[in-house]
Amino acid sequence: MSAIYSVTLGSVGIDWRDVYQIIWHKLSGTSDLSGNVDVSHIDIVWLIRLPRVILAMLVGASLALAGTVMQALVKNPLADPYILGISSGASLGATLAIMLGVGTTFGSNFVGMSAFIGALISSFLVLFIGNIGRRTDIAQLLLVGVAISAICSAASSFIVFMSKNREGMQTLNFWLMGSLSGANWENIKLLFPLVTLAMVLFIIQARILNLMVVGDETASNLGRNLQLYRILYIVIVALLIGFVVYSCGIIGFVGLVIPHIARLLVGANHRKMLPVSLLVGALFLLWSDVLARLIIPGSEIPIGIIVSSVGGPFFLYLVIQNALRRRG
């Protein structure tokens, strides 16, 4: 119901009954609509707003899922899906595409595709270097992630500094702040199967996630070796975030904020927490996108600004709470 209502909102107001009729018309293949439905609304609903709403929910659920898994994996409530350098890798890929034209052979979505490849490469680099000479060590993975992020950020900044393309800079800034304006059915067909499979997998693996939070020693006593699970989970999260970056750019803080909200609502058991995180993440990004479209009439704010305005203060609150807890 929330999704249908959000489709009615925009510069052109559309009655919710018309939205239902248009969706049924498209899904059932009927040749006619009620005479009360404005024909011009069909493309607005089916080609613009509905794909955007569905993509927002998929992205929100993906980021929340990735955040929940990362926090369990590193046993740190301040962890975020971009902690392993995925964000900076995506930024470098986008920068190369926009400022230097790298990846134009990918077609009209070359920026998103270049960012997707950058995200995957940075993630796999962190995973490979973090495992050199030893078993998976979380502290080492985090340190490598910080180093990869610094290298990618420095490279992106150098390219932007040397470029004289002002239009490219504006495009890059808008894309790096995240936007769902490019939503279409092709993006949804690409993202939906991956998100669904990841959801099912991690819900089934909820017990392993609980063991990761408890610790390796307890898991070993129960006959579970968590090292292979960690590698598998990192790869899946990297793929998931890579496709999200490809679809809508970089949207931070969702993976940080939403798991905490879910934890407050149902506790730390991942069997309950994961489904709630998925639902809350989907609704959070859905209504964040509605705000991004409506807050300034006739214009659209990048959704990353809306999300960061909530995530930034919340992140500081978590840091302060964590520091006070350690002192106590």
Side-chain angles (χ1 to χ4, degrees), residues 43 47-49 51-52 54-56 58-59 62-63 66 81-82 84-128 145 148-195 235-252 285 289 292-293 299-305 307:
D43 285 348
L47 297 180
I48 299 175
R49 292 188 188 173
R52 185 163 180 153
I54 295 174
L55 184 63
L58 285 173
V59 169
S62 300
L63 294 174
Y82 298 98
L84 296 181
I86 300 175
S87 177
S88 296
S91 300
L92 178 57
T95 303
L96 289 169
I98 293 172
M99 308 305 288
L100 302 180
V102 174
T104 53
T105 54
F106 291 123
S108 59
N109 287 327
F110 74 99
V111 177
M113 197 65 191
S114 297
F116 165 67
I117 293 172
L120 285 183
I121 290 175
S122 64
S123 300
F124 288 129
L125 274 176
V126 170
L127 188 61
F128 175 75
I148 295 295
S149 293
I151 293 170
C152 292
S153 297
S156 297
S157 299
F158 178 77
I159 293 169
V160 171
F161 178 77
M162 296 299 293
S163 175
K164 306 300 181 182
N165 185 354
R166 290 189 176 184
E167 183 178 346
M169 291 180 187
Q170 292 177 349
T171 302
L172 178 64
N173 287 332
F174 186 82
W175 192 90
L176 292 178
M177 288 186 284
S179 175
L180 296 168
S181 60
N184 55 57
W185 291 112
E186 292 302 317
N187 284 345
I188 293 170
K189 289 177 183 177
L190 186 69
L191 190 60
F192 181 79
L194 178 64
V195 175
V235 170
I236 294 172
V237 168
L239 286 169
L240 192 61
I241 298 301
F243 274 98
V244 167
V245 167
Y246 166 77
S247 300
C248 60
I250 297 172
I251 302 175
L285 205 66
D289 185 54
R293 290 191 284 117
S299 183
E300 177 185 330
I301 300 176
I303 193 172
I305 294 177
V307 172

On a heavy-atom basis, the closest approach of Ile241 and Ala66 is CD1-CB, 3.8 Å

Ser88 and Cys152 have their tightest heavy-atom pair at O-CB, 3.4 Å

Once rounded to the nearest 0.5 Å, what's the spacing between atom [atom1] of [X] and atom [atom2] of [Y]?
| X | Y | atom1 | atom2 | answer |
| --- | --- | --- | --- | --- |
| Asn184 | Lys189 | CG | NZ | 9.5 Å |
| Leu180 | Cys248 | CG | SG | 5.0 Å |
| Asp289 | Ser181 | CG | OG | 9.0 Å |
| Ile148 | Ile86 | CD1 | CD1 | 12.0 Å |
| Leu100 | Thr95 | CG | OG1 | 8.5 Å |
| Arg293 | Arg52 | CZ | CZ | 5.5 Å |

| message | Assess the residue pair Leu55 and Ser247 against the criterion (side chain to side chain contact (heavy atoms under 4.5 Å, CB included)); give the C-alpha distance rounded to whole Å, side-chain angles, the decisive distance to 0.1 Å, and a yes or no. | response | CA-CA 8 Å; Leu55 184 63; Ser247 300; 4.1 Å; yes

Would you mind writing out the side-chain donor-acceptor pairs for residues 112-122 within the sub-3.5 Å range, not counting sequence neighbours?
{"unit_1": "Ser114", "atom_1": "OG", "unit_2": "Val102", "atom_2": "O", "d": "3.4"}
{"unit_1": "Ser114", "atom_1": "OG", "unit_2": "Phe110", "atom_2": "O", "d": "2.8"}
{"unit_1": "Ser122", "atom_1": "OG", "unit_2": "Gly85", "atom_2": "O", "d": "3.2"}
{"unit_1": "Ser122", "atom_1": "OG", "unit_2": "Gly118", "atom_2": "O", "d": "3.2"}
{"unit_1": "Ser122", "atom_1": "OG", "unit_2": "Ala119", "atom_2": "O", "d": "2.9"}

Practice task
Assess whether side chain to side chain contact (heavy atoms under 4.5 Å, CB included) is satisfied between Val245 and Ile251, documenting all intermediate values.
Solution key: CA-CA 8 Å; Val245 167; Ile251 302 175; over 6 Å; no

Sorted by chain and number, sequence neighbours left out, salt bridge (charged side-chain N to carboxylate O under 4.0 Å, His left out) with Arg49 holds for none

Mind checking whether [X] and [Y] have side chains closer than 4.5 Å, heavy atoms only?
| X | Y | answer |
| --- | --- | --- |
| Leu191 | Tyr246 | no |
| Leu63 | Leu240 | no |
| Phe192 | Ile54 | no |

* To do: Give a yes or no answer on whether the side chain of Ser163 reaches the backbone of Ile159 with a donor-acceptor pair at less than 3.5 Å.
  => no

- Would Ile250 and Met177 count as a side chain to side chain contact (heavy atoms under 4.5 Å, CB included) if you check the C-alpha gap in whole Å, the side-chain angles of each, and the deciding distance to 0.1 Å? CA-CA 6 Å; Ile250 297 172; Met177 288 186 284; over 6 Å; no

